[in-house]
Amino acid sequence: MKKILDVRDVGMAYHTVSGEIPALSHISFSVEEGEFVSLVGPSGCGKSTLLNLIAGLLVPEQGSILIRGVPLEQSSLTIGYMLQKDHLFEWRTIYENVILGLEIQKKKTPEHLERVNRLLTEYGLKDFRDARPSQLSGGMRQRAALIRTLALDPSLLLLDEPFSALDYQTRLNVSDDIGAIIKKEKKTALLVTHDISEAISMSDRVIVLSKSPAVIRSVIPVFLEIPNRTPMASRNAPEFKTYFNRIWKELNDHE
Ligand code: ADP
């Protein structure tokens, strides 16, 4: 497999009037094409900072980030970013919301619009094209937000706690749903979460971060002996609990 993302010895601190806030220290890891990788760590450890660096919204103070071997700032690869809130605009219909990125980036080409139509049809939102966001359930809204992100055909998807605003049951269904879509669309994804079960159920690999400033505690490949692995089915895999306990221990042993 080819590397799509290579984070090399990245360090980052925020400089505020009240002093320096260290966020990340010597972070190195890579992600292969098609992989689903999760970053877990305690609240405030630097997970969002890391995603913002990979998205190019922040510049690392130390180290480098390569995309398919090219420095991030020189890369033309499209990176999609999905956040905790769906940020759908109520004054726009679902269709107008999902094409927003294409509009902003002046990419409303027939090819991209065709792609949006396919995604809306395939993922059950075709009949809601003209609905307003408030007419949709939390899960459907998050699906619409994912379609808006996928409309630009990103090669790498960054997901920052995209399910944490949802109630527990919806969260399980939506993570299953979104996980299946990402797999079907053959996307590479990097998910930030503080939910250990969510990380195990969705990922090929889990990277455990320490508390702030984050260092990598361990990298845990996830192999589950179940056919047709989906996030929901993963939770019932015999090995699930072992992974959970191991990650829990990694997170708590150093407190
Ligand atoms: P996480 O996503 O793991 O909750 P963050 O990356 O948001 O963690 O934050 C890491 C650390 O950096 C925290 O101590 C946080 O308070 C601090 N931090 C985050 N953003 C800023 C900012 N813009 N200015 C100053 N400090 C910040």
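Counting starts at 1 for both ligands and their atoms, in listed order.
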Do ligand 1 and T16 have nitrogen or oxygen atoms that lie under 3.5 Å from each other? no
Is any N or O atom of A23, backbone or side chain, closer than 3.5 Å to an N or O atom of ligand 1? no
Would you please determine whether G41 falls within less than 4.0 Å of ligand 1 on a heavy-atom basis? no
Contact between F36 and L159 at the side-chain level, heavy atoms closer than 4.5 Å - yes or no? yes
Beyond-backbone contact of M202 with I182, side-chain heavy atoms, under 4.5 angstrom: no
Just by distance, do the side chain of S25 and the backbone of G11 share a donor-acceptor pair under 3.5 Å? no
Is the closest N or O pair between K47 and ligand 1 shorter than 3.5 Å? yes
Please report whether ligand 1 has a polar contact with G46, defined as an N or O pair separated by less than 3.5 Å (distance criterion only). yes
Nearest protein heavy atom to atom 9 (O) of ligand 1, by residue and atom, and its distance? T49 OG1, 3.9 Å
Within ligand 1, which atoms have a heavy atom of S43 less than 4.0 Å away? 4 (O)
Taking NZ, NE, NH1 and NH2 as the nitrogens, is one of them in E32 or K2 under 4.0 Å from a carboxylate oxygen of the other? no
With backbone taken as N, CA, C and O and side chain as the heavy atoms from C-beta onward, which portion of N52 lies under 4.0 Å from ligand 1: side chain, backbone, both, or neither? neither
May I ask you to list the atoms of ligand 1 that are less than 4.0 angstrom from any heavy atom of S48? 1 (P), 2 (O), 6 (O), 7 (O)
Donor-acceptor pair, side chain of N52 and main chain of L58, under 3.5 angstrom: no
With heavy atoms and a 4.0 Å threshold, my read on which part of I21 contacts ligand 1 is side chain
Should Q62 and D9 count as side-chain neighbours, where that means a heavy-atom distance under 4.5 Å? yes
Atom CD of residue position E73 - does it have more than 12 heavy atoms of other residues, nucleotides or ligands inside 6.0 Å? yes
Can you find an N/O atom of C45 closer than 3.5 Å to an N/O atom of ligand 1? yes
More than 12 heavy atoms of other residues, nucleotides or ligands under 6.0 Å from CD of E90: yes or no? yes
Any protein heavy atom < 4.0 Å from atom 16 (O) of ligand 1: no
Which heavy atom of the protein is the closest neighbour of atom 20 (N) of ligand 1, given with residue, atom name and distance? Y14 CZ, 3.4 Å
Lys/Arg-Asp/Glu bridge criterion (N-O < 4.0 Å) met for D86, R143: no
re atom 4 (O) of ligand 1, the protein heavy-atom contact at minimum distance is G44 N, 2.7 Å
